[in-house]
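Worksheet for the structure shown next.
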2 protein chains.
Amino acid sequence: MADGKAGGTQSGEALLFLTDEQLRKGIEAMFFAYRGFTADPDRILEKYGYGRAHHRAVHFIARAPGTNVNNLLAILGVTKQSLNRVLRTLIEDGLVESRVGVQDKRERHLYLTETGQSLEAELSEAQRARMRVAYRDAGHEAVAGFRRVLEAMMDPDQAAYFNAMSKTGSKKEE
Amino acid sequence: MADGKAGGTQSGEALLFLTDEQLRKGIEAMFFAYRGFTADPDRILEKYGYGRAHHRAVHFIARAPGTNVNNLLAILGVTKQSLNRVLRTLIEDGLVESRVGVQDKRERHLYLTETGQSLEAELSEAQRARMRVAYRDAGHEAVAGFRRVLEAMMDPDQAAYFNAMSKTGSKKEE
DNA sequence: CTTGGAATGTCAACAACGCTGACTTAAAGT
DNA sequence: ACTTTAAGTCAGCGTTGTTGACATTCCAAG
């Protein structure tokens, strides 16, 4: 049970000796970093009268164009009503297009319009810029470690979505 | 300008060659990891009818007992009214004690009661447990990298608070 | 001593974004 | 035909953030 992917945690060596104080610092680092992480998009969204929920929807639609509502629901982990409220405003404002499915006409496939893509690009670029700077400041190996810890921190099902999205454009059915 | 603390980014070598796709993965990793990070405390808080705001207040009061409201405001980055609502319920429920300042009687110094400490311990232990597992799975060097990237991702003023809190029990005045 | 301003607290109103529950419509599966 | 599924909608509620206005208390400067 203790022999996960960290193959080398033999007790002879350093053994990842972790004080509560070190763990607490990690917790606080997550708190402060997440605030930085969302600060730039939040500023941009405010200009357009949107919130973080809109950002998330736009992000994952950009990531998987043509995805349906149920799929988005599962990724975002919110209720249908919550997502719908956000999605409706995005569609009304002409940022998202909802196309009825061809094979299954119950499904709505979601796409970003030109306007939607441009907002997504603005948000994404701001966030990537911060990430780029952080990565550069921290160095190459730090980035690998960063990603490894974050993945280990996810819930297993969330990690599954995360890894599934690695194959960027793998639209299994089309 | 490009020569920050990452002294070794000479273009000859790897140069931290970062595609937008890699950065995007980092962004999504932050999103999913933060959800995991808050999942356990959220479940506990629900039992008591509290939310994340209560958790944050309790955490930082535990971290710096005797802190005043203005200080907490600055760390949490919310308005006085927002914090006050949370603080009031915590005081009413007997989790937090508010003592009038001795030198400056306008100030209220905040402390956790026994009950408050026990909730804090429950929340903190859940969160530390996840962090501990993530750290162990990711390995020793990954942890250092994780922390380095998170620090670089913070806003400078938030990073200042973060680093100031490293000296755990530095109660300058008492 | 009076007055200005800082620290705190309170009230009201509002917005974003979660939630539950109930219900409809349409299409698909059986 | 009947059931299930996907999606959308309406109503209502809770947490947590925001402004704005205002009272109180107290320190400190004039």
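All chains are named by letter (A, B, ...) in the order of the sequence lines, taking the proteins before the strands, and each is independently numbered beginning at 1. Side-chain atoms are counted along with the backbone in the values below, which use heavy atoms only and exclude waters and symmetry mates.
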Exercise answer: donor-acceptor pairs, residues 29-45 of chain A side-chain atoms, under 3.5 Å, sequence neighbours excluded:
residue	atom	partner	partner atom	Å
A/Arg35	NH1	B/Leu76	O	2.7
A/Thr38	OG1	A/Tyr34	O	3.1
A/Thr38	OG1	A/Arg35	O	3.3
A/Thr38	OG1	A/Arg52	NH2	3.2
A/Asp40	OD1	A/Arg43	NH2	2.6
A/Asp40	OD1	A/Arg130	NH2	3.2
A/Asp40	OD2	A/Arg130	NE	2.9
A/Asp40	OD2	A/Arg130	NH2	3.4
A/Asp42	OD1	A/Arg52	NE	3.2
A/Asp42	OD2	A/Arg52	NE	3.3
A/Asp42	OD2	A/Arg52	NH2	2.8

side-chain hydrogen bond (donor to acceptor under 3.5 Å, both in side chains) with [X]: which residues, sequence neighbours excluded?
| X | result |
| --- | --- |
| A/Gln117 | none |
| A/Asn70 | none |
| A/Asn84 | none |

Would you please name every residue forming a salt bridge (charged side-chain N to carboxylate O under 4.0 Å, His left out) with B/Glu122, sequence neighbours left out?
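Scan of B/Glu122 (salt bridge (charged side-chain N to carboxylate O under 4.0 Å, His left out), adjacent residues dropped) gives B/Lys47.
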
Qualifying residues under salt bridge (charged side-chain N to carboxylate O under 4.0 Å, His left out), relative to B/Arg147, sequence neighbours excluded:
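Checked B/Arg147 against salt bridge (charged side-chain N to carboxylate O under 4.0 Å, His left out); zero matches.
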
For nucleotides 25-30 of chain D, 5' to 3', base contacts (B), sugar-phosphate-only contacts (S) and non-contacts (-) with protein non-hydrogen atoms under 4.0 Å give BBS---

Protein heavy-atom contacts under 4.0 Å, written 5' to 3' over nucleotides 10-18 of chain D as B (base), S (sugar-phosphate only) or - (none), form the string B----SBBB

Where at least one partner belongs to residues 71-92 of chain A, residue pairs that pass salt bridge (charged side-chain N to carboxylate O under 4.0 Å, His left out), sequence neighbours excluded:
none

Inter- and intrachain pairs under salt bridge (charged side-chain N to carboxylate O under 4.0 Å, His left out), touching residues 110-121 of chain B, at least two apart
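Qualifying pairs: A/Arg24-B/Glu120.
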
Suppose we screen for ring pair (Phe, Tyr, Trp, His ring centres under 6.0 Å). Which residues come up paired with A/His55, at least two apart in sequence or across chains?
none

Please report, rounded to the nearest Å, how far the C1' atom of C/dA15 is from the CD atom of A/Glu46.
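These atoms are roughly 12 Å apart.
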
For DNA chain C, find the residues of residues 31-43 of chain B with a heavy-atom distance under 4.0 Å and give them by number; none if there aren't any.
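Correct list: empty, so none.
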
